[in-house]
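Worth knowing before you read on, the calculation uses all heavy atoms, side chains too, and leaves out hydrogens, waters and symmetry mates. In what follows, chains are A, B, ... by sequence order, proteins preceding strands, each numbered from 1.
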Amino acid sequence: DAKTTQPNSMESNEEEPVHLPCNHSTISGTDYIHWYRQLPSQGPEYVIHGLTSNVNNRMASLAIAEDRKSSTLILHRATLRDAAVYYCILRALTLYGGSQGNLIFGKGTKLSVKP
Amino acid sequence: DSGVTQTPKHLITATGQRVTLRCSPRSGDLSVYWYQQSLDQGLQFLIQYYNGEERAKGNILERFSAQQFPDLHSELNLSSLELGDSALYFCASSPRGTGWGGANVLTFGAGSRLTVL
């Protein structure tokens with residue numbers, strides 16, 4: 001399975017943008033890049049996903065490098081509520097085609113937000 | 001409220017015992033996933049069911065078993081419990097069984113915290 005590499009931890013100040021990097025140099029052409037986050041004492045929650053083009057939604061933006069070997073999750077204005085562990089995940093292909101349904105989580109990046 | 005309901009929220013039991021964790025998926029979702037999260041192992045995928053059938057298996061111990069019922073709720077059975085089984089157990093659901101098209105977002109429940117004494 002293609003693996004991702006993320007920094008163990010990052011710090012941000014409240015109301016400033018945050019750029020969370022993810023390296024996935026062995027990504028295959030059909031792997032989608034997913035981001036989930038886990039707030040303290042909660043289950044993981046979906047943030048965003050993309051394939052090749054940059055993506056925006058109400059929570060964040062996803063910038064994908066042209067060679068797809070890396071991506072960056074962008075929180076435009078960090079709030080205290082954004083303090084969480086952020087996971088960058090690739091969906092691997094199954095033998096039967098299509099991406100597997102389950103997600104394989106790595107260690108993620110623990111984001112701290114200072115007031 | 002994510003729409004995925006897990007019960008019980010907390011469970012304390014002794015070594016050697018057996019427990020059952022229950023999960024009701026989000027309305028309309030056909031696939032259920034179980035994950036275990038302990039402090040030293042992070043989030044580990046255990047097993048996935050799609051419309052009643054096992055679809056994928058992860059690092060699930062032989063002492064653990066799961067099933068998905070016709071009404072799509074799922075149960076995770078943990079037997080011969082050991083101290084190391086103490087963890088948060090998360091259930092997630094998704095509309096489909098695969099990530100075809102890249103979407104098929106997983107929605108997680110709040111978890112069941114199991115403490116084995």
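Across A/Tyr87 and B/Gln37, no two heavy atoms sit closer than the pair OH-NE2, 3.9 Å.
Around atom CG of B/Leu117, more than 12 heavy atoms belonging to other residues, nucleotides or ligands sit under 6.0 Å away. At most 12 non-hydrogen atoms from other residues, nucleotides or ligands lie less than 6.0 angstrom from CG of A/Asn8. The neighbour count for B/Arg113 CZ, taken as heavy atoms of other residues, nucleotides or ligands under 6.0 Å away, does not exceed 12. The number of heavy-atom neighbours closer than 6.0 Å to CZ of B/Arg63, taken from other residues, nucleotides and ligands shown, is above 12.
Under the 3.5 Å distance criterion, the side-chain polar atoms of B/Tyr35 are matched with a main-chain donor or acceptor of A/Leu103.
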Q | Audit row: B/Leu106, A/His34, side-chain contact (heavy atoms from CB on, under 4.5 Å) steps and yes/no | A | CA-CA 11 Å; B/Leu106 269 64; A/His34 289 252; over 6 Å; no
